[in-house]
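Worksheet: one structure, shown below.
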Amino acid sequence: MWARAPICEFIKPRTADLHDVVAPRLYRNALLKDGRTGDLAVSDGRFVEPASLAAGADSIDLAGLLVLPAFVEGHIHLDKSFVGDDWRPHRPAESLGERLGIEKQLLADASPVTDRAHALLAQAHGFGTVAMRSHVDVDASLGLANLHAVMAACEPWRDRVDVEIVAFPQAGILASPGTADLLDAAVREGARVVGGLDPSAFDCDADAHLDVVFGVAERHGVKIDIHLHEPGRQGIEQLRRIAARTTAVGMQSKVVVSHAYALGDVGPDEAARTADILAEAGVAIMTNAPGDRAFPPIKVLRSAGVRVFAGNDNIRDAWWPYGDGDMLGRAMMIGYRSGFFTDADLATALDMATTDAASVLGLRRYGLAIGDEATFLIVDAENAAAAVAATPRERRLIHQGAIVPSCTSRLDTLFSRYDTQQGYRS
């Protein structure tokens, strides 16, 4: 079997690229996210006042093309994906334990973690992602092998994609003896976030599980991101327990609960009460709007002041066959599943994949304001709402003022000499 090449594999990440001198440039007539048309001036990799550019500076007329902040991936698993490797048909499982066993079998026969993580980084970057939070498995059988492999894959991309690594106990903490020490070691070796997983359902002792997670975070001054799939009342109780812990140790704005399906299981009043508790504790929620599961009510959470952001989660791996790493496509999926129809609602979905995710990850100088890093996307769309609704593929990434080469598909390469043939006109 042949392995499918990632979309932008031909773009080799070279650190030197971003140290090259990029001439000041004016992007005229850009359509901004809020519907206004304006000019964007870039110098030394940052946005500057247009009037500060010297006369005769390079100028590009965007003629109303849409400009958006670059995408931020809020939840991905770089060590699990088969992107860049052979296609593997999905194998159904009846239980979480069986699913984990299937995953171990499939990954044992896969290409090295570093190669697959590199392929997914390249594909995501090709869609316009410049920062991400990646959960990486840490357990007694793997040790820190996946952490080291993903860190190696990220190194050549470090000036292009800022990757925040979560030490993720996929096999549990109490259920996998030695994992608590491995989480501590992972943070010492470069993980910037400590993860958790279904404290009651998986480890059967929520307090002991959270003792480890919050203990590691407090010792090292890092953030927390807990996978929570526990349903209904059990999941709600877990969210309130996490919120209480967060407040007690003063970690407001440093704790995320990923998935939090329970918020979609309970009624609107219960969801609203829990949203108030999460907002007070500064606990953020990540959702990917999964296709076969209830998920958090985004508007209810945001109205209460909870930061809600987006991630793709699993991408073409042992858990499901879907996904390509495109955060604009994820914004569309979130809007579709949430019943977002107005332009304002579609803008919310876009914010979840850009500014809201950037806020949770703590990105500095992110955005389109004067002084921000001049990293943005130019998209062929009528407006921001249309971009979410139709996810156009025609995009161009500008990274710190440098125009990133566009991606070429295998079809482009195969049929390039036929594009000018006579006898057919569109």
Whether [Y] and [X] form a salt bridge (side-chain N of Lys/Arg under 4.0 Å from carboxylate O of Asp/Glu) is what I want to check.
{"X": "R316", "Y": "D324", "answer": "no"}
{"X": "R192", "Y": "D162", "answer": "yes"}
{"X": "D351", "Y": "R307", "answer": "no"}
{"X": "K223", "Y": "E164", "answer": "yes"}
{"X": "R188", "Y": "D184", "answer": "yes"}
{"X": "D356", "Y": "R302", "answer": "yes"}
{"X": "R25", "Y": "D58", "answer": "yes"}
{"X": "K104", "Y": "D137", "answer": "no"}
{"X": "E73", "Y": "R133", "answer": "no"}

(request) Please identify each residue that fulfils side-chain hydrogen bond (donor to acceptor under 3.5 Å, both in side chains) with R46, with sequence neighbours left out. (result) none
(message) If the condition is side-chain hydrogen bond (donor to acceptor under 3.5 Å, both in side chains), which residues does D313 pass it with, not counting sequence neighbours?
(response) H75, H77
(request) Quick one: sort the H135 and F168 rings into parallel, tilted or perpendicular, breaks at 30° and 60°. (result) perpendicular
(message) Can you tell me how the ring of Y27 sits relative to the ring of F376, calling it parallel under 30°, perpendicular over 60° and tilted otherwise?
(response) perpendicular
Taking [X] for its side chain and [Y] for its backbone only, find out whether a donor-acceptor pair lies under 3.5 Å.
{"X": "Q238", "Y": "Q234", "value": "no"}
{"X": "D109", "Y": "L106", "value": "no"}
{"X": "N383", "Y": "A386", "value": "yes"}
{"X": "S52", "Y": "V48", "value": "no"}

(message) Please determine whether side-chain contact (heavy atoms from CB on, under 4.5 Å) holds for the pair L147 and L142, giving the CA-CA distance in whole Å, both sets of side-chain angles, and the decisive distance to 0.1 Å.
(response) CA-CA 9 Å; L147 174 70; L142 291 169; over 6 Å; no
For a quick check under 3.5 Å, do [X] and [Y] share a side-chain donor-acceptor pair by atom type?
{"X": "H118", "Y": "W157", "value": "yes"}
{"X": "E189", "Y": "H148", "value": "yes"}
{"X": "R396", "Y": "S406", "value": "yes"}
{"X": "D61", "Y": "N29", "value": "yes"}
{"X": "S59", "Y": "R28", "value": "yes"}
{"X": "S258", "Y": "D225", "value": "yes"}

(message) Would T348 and D345 count as a side chain to side chain donor-acceptor pair (under 3.5 Å) here? Give the steps.
(response) CA-CA 5 Å; T348 292; D345 286 346; 5.0 Å; no
(message) For V300 versus A275, what's the shortest heavy-atom pair and its separation?
(response) O-CB, 4.3 Å
(message) Please evaluate residues L197 and H229 with respect to the criterion side-chain contact (heavy atoms from CB on, under 4.5 Å), reporting the C-alpha separation (whole Å), side-chain torsions for both, the decisive distance (0.1 Å), and the verdict.
(response) CA-CA 8 Å; L197 171 66; H229 312 96; 3.7 Å; yes
Is there side-chain contact between [X] and [Y], with heavy atoms separated by less than 4.5 Å?
{"X": "L263", "Y": "I236", "result": "yes"}
{"X": "L239", "Y": "L228", "result": "yes"}
{"X": "I285", "Y": "V256", "result": "no"}
{"X": "D198", "Y": "I226", "result": "no"}
{"X": "V193", "Y": "V222", "result": "no"}
{"X": "K33", "Y": "L350", "result": "yes"}
{"X": "N288", "Y": "I334", "result": "no"}
{"X": "V404", "Y": "I398", "result": "no"}

Residue [X] excluded, over 12 heavy atoms near [atom1] under 6.0 Å:
{"X": "R365", "atom1": "CZ", "value": "no"}
{"X": "D412", "atom1": "CG", "value": "yes"}
{"X": "Y322", "atom1": "OH", "value": "no"}

(request) Take T287 and I298, measure what side-chain contact (heavy atoms from CB on, under 4.5 Å) needs, and give me the verdict at the end. (result) CA-CA 9 Å; T287 187; I298 294 167; 4.2 Å; yes
(request) Could you walk me through whether L328 and V388 pass the side-chain contact (heavy atoms from CB on, under 4.5 Å) test, one step at a time? (result) CA-CA 6 Å; L328 188 56; V388 174; 4.3 Å; yes
(message) Can you list everything that forms a salt bridge (Lys or Arg N to Asp or Glu O under 4.0 Å) with D181? Sequence neighbours excluded, please.
(response) none
